[in-house]
Every structure is written in structure tokens, then in C-alpha cells.
Amino acid sequence: MPIDLYYILGSPPCRSVMMLAKALDVKLNLKNTDLSKGEHQTPAFLKLNAQHTIPTINDNGLAIGESRAILCYLANQYGKDDSLYPKDPKKRAIVDQRLYFDMGSLYQGFVNYYLVPIMNTGKHGDPIHLEKLKDSFNVLDKILAGQTWTAGNSITIADYAIVVSVASVEVAGFDISKYQNVGKWYERAKKSIPGYKEIND
């Protein structure tokens, strides 16, 4: 039975969920949710997700919001093995740290400098947010020094989360070319993640 995915076309967190579902061969029933019409504020939606955030999934009565939590659930529930989200506590801790880094620093930097200011004013945000975004890319570049993927030498759900953040920043005009390790990983990820081109173009 397909999982309902309440999503917004073009949303980076939604795209990460869609790519992982494809990799796991999980069927999604896509429900485009128009925020401008308040479709995320209806009583039915608030019953699913009191935070009224997108993406949200409904898997046969189990409703989960927050894209990174959804990635964890899908990998745990539908993964053919634990490679995408290792069960080993030490390996999993690294994946979790990368997910939190993405949520709190990398993707948040995109939101603070590009997404919200441009939506509200048509202009970039405060330069301090650009510096914080650069700091996040410096951190990511160091993380990727000497390893193939963001949480080690095997692809994990952390790469699915982080790749859409990097893609969004690049599309917004941020120059990632000076971060060599990030650039190599980014090209690798685009070729390795099932459905990347189809879902992100």
C-alpha cells in the first residue's frame, strides 16, 4: 500500500524523502499541498501533524513530519539491510550527527540567507548569514576529507539529506567550487542516488 506523502514541488526536504523512497522501492502517493491555500492548516492535516510542516507522511495511520525523521523511519522500516542507516550505535551516531548538522547549520544557512529573505523581500539576507553558510561549507569540506560519503565510506541517509541542501544553495547562486571535497562528493552523489536527476530537475 503506498505511503501518502504531503509535499511541495521543489522543496529540498521533500526531494530527499522522494529519492530515498525510490532507492528503497517504496511507493508514494504524492499529495501536493498548497500552502497559499492553507491546506497545511486544515483540521485533517493538523491531526496528522500538529506542526503543520511539509513534508509529512502517513504510512497506514502512522504520521511523521520532519524530513530527516522520515528518512530514518523509511530506512528502518523498509531498508533491505542497514547500510543506509546502520544499526551499530557508533556508526549510527555519525549519521545522526550529519543529519543534525544539515538541519541546524547547512540547510538552515540556505533558509536564512536565501530562501526566507528572497521570498519576503526579493533580496538576499543579512551578510552574517552568508558567513555562517560559508562556515558550514568549510565544515562539510573537512568532514569529506579522506572519505567518500558524509558519514564514512558508504552512502547513508545523511547524504540524501545533505545533497538537496547543497543543490539548493548552488541553484541560489552560492559558489561551491572552492570546496573541493564537497564538489567531488556532490558529483558522486548525483550519479549514485537513484532518481536524482528525475526528482531534482
Side-chain angles (χ1 to χ4, degrees), residues 5-21 28 30-46 48-57 64-71 98-141 143-144 150 158-187 189-190 193 195-201:
L5 172 64
Y6 296 83
Y7 82 114
I8 304 169
L9 190 65
S11 159
C14 293
R15 297 199 310 270
S16 68
V17 172
M18 293 167 71
M19 290 188 301
L20 183 62
L28 297 176
L30 298 176
K31 293 180 173 285
N32 193 22
T33 308
D34 192 335
L35 305 189
S36 68
K37 294 180 180 176
E39 291 179 356
H40 62 311
Q41 298 278 12
T42 64
F45 190 84
L46 290 172
L48 286 175
N49 179 357
Q51 285 182 282
H52 53 81
T53 53
I54 302 295
T56 293
I57 64 166
I64 305 172
E66 297 290 351
S67 63
R68 294 156 194 84
I70 295 170
L71 296 178
R98 304 302 192 249
L99 291 172
Y100 299 147
F101 162 72
D102 178 54
M103 184 176 188
S105 298
L106 190 64
Y107 185 68
Q108 193 61 49
F110 164 69
V111 170
N112 289 344
Y113 185 67
Y114 290 110
L115 185 62
V116 171
I118 289 173
M119 286 176 62
N120 291 339
T121 69
K123 300 177 181 178
H124 293 155
D126 191 305
I128 193 172
H129 293 307
L130 177 59
E131 294 309 309
K132 289 181 178 179
L133 184 58
K134 290 177 180 178
D135 287 343
S136 294
F137 267 81
N138 280 323
V139 169
L140 182 58
D141 206 58
I143 285 172
L144 286 163
T150 58
D159 298 287
Y160 283 74
I162 291 174
V163 75
V164 293
S165 297
V166 172
S168 300
V169 168
E170 183 188 42
V171 168
F174 185 85
D175 182 10
I176 69 169
S177 65
K178 62 183 69 175
Y179 308 95
Q180 292 186 3
N181 297 323
V182 174
K184 291 175 183 176
W185 162 84
Y186 183 43
E187 292 305 313
K190 288 191 289 185
I193 294 176
Y196 181 89
K197 183 174 177 58
E198 168 193 344
I199 291 168
N200 288 276
D201 281 357

To the nearest 0.5 angstrom, please state how far the [atom1] atom of [X] sits from the [atom2] atom of [Y].
X: Leu99; Y: Asp159; atom1: CG; atom2: CG; value: 9.5 Å
X: Tyr114; Y: His124; atom1: OH; atom2: NE2; value: 5.5 Å
X: Leu35; Y: Gln41; atom1: CG; atom2: CD; value: 9.0 Å
X: Lys178; Y: Asn138; atom1: NZ; atom2: CG; value: 9.0 Å
X: Leu133; Y: Glu131; atom1: CG; atom2: CD; value: 9.5 Å
X: Asp135; Y: Leu130; atom1: CG; atom2: CG; value: 9.5 Å

Just by modelled atom types, is the [Y] backbone N or O under 3.5 Å from a matching donor or acceptor in the [X] side chain?
X: Arg98; Y: Thr150; result: yes
X: Glu39; Y: Asp34; result: yes
X: Ser136; Y: Lys132; result: yes

Within a radius of less than 6.0 Å around NZ of Lys190, do more than 12 heavy atoms belonging to other residues, nucleotides or ligands occur?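 Atom NZ in Lys190 is crowded, with more than 12 foreign heavy atoms closer than 6.0 Å.
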Can you check whether Val111 reaches Gln108 side chain to side chain, under 4.5 Å on heavy atoms?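 Val111 vs Gln108: side chains touch.
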Reference residue Leu106; test side chain to side chain contact (heavy atoms under 4.5 Å, CB included); the match among Val169, Leu140, Val139: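 It is Leu140; the other options fail the test.
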Passing candidate, side chain to side chain contact (heavy atoms under 4.5 Å, CB included) with Leu5, options Thr33, Val17, Asn32, Ile54: Val17
Show your reasoning for whether side-chain contact (heavy atoms from CB on, under 4.5 Å) applies to Thr53 and His40. CA-CA 7 Å; Thr53 53; His40 62 311; over 6 Å; no
Only counting residues at least two apart or in another chain, list the ones meeting side-chain contact (heavy atoms from CB on, under 4.5 Å) with Ala189.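 Listed in chain order: Trp149, Val163, Trp185, Ile193.
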Run the side-chain contact (heavy atoms from CB on, under 4.5 Å) check on Asn200 and Met19 step by step: do they pass? CA-CA 9 Å; Asn200 288 276; Met19 290 188 301; 3.2 Å; yes
Audit row: Tyr113, Phe174, ring pair (Phe, Tyr, Trp, His ring centres under 6.0 Å) steps and yes/no: CA-CA 10 Å; Tyr113 185 67; Phe174 185 85; 8.4 Å; no
Nearest heavy-atom neighbours spanning [X] and [Y]:
X: Asn112; Y: Pro117; answer: O-CG, 3.0 Å
X: Tyr179; Y: Asp141; answer: C-OD1, 3.2 Å
X: Pro13; Y: Ser11; answer: CD-OG, 3.2 Å
X: Tyr186; Y: Glu170; answer: OH-OE1, 3.0 Å
X: Ala21; Y: Leu28; answer: CB-CD1, 3.6 Å
X: Ile8; Y: Cys14; answer: N-SG, 3.5 Å

Report the C-alpha distance between Thr56 and Phe45 in whole Å, list the side-chain angles of each, state the deciding distance to 0.1 Å, and finish with yes or no for side-chain contact (heavy atoms from CB on, under 4.5 Å). CA-CA 9 Å; Thr56 293; Phe45 190 84; 3.6 Å; yes
Could you walk me through whether Phe110 and Val171 pass the side-chain contact (heavy atoms from CB on, under 4.5 Å) test, one step at a time? CA-CA 11 Å; Phe110 164 69; Val171 168; over 6 Å; no
Within residues 102-123 or reaching into it, pairs that qualify as salt bridge (charged side-chain N to carboxylate O under 4.0 Å, His left out) - sequence neighbours excluded: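 Pairs touching residues 102-123 that pass the test: Arg68-Asp102.
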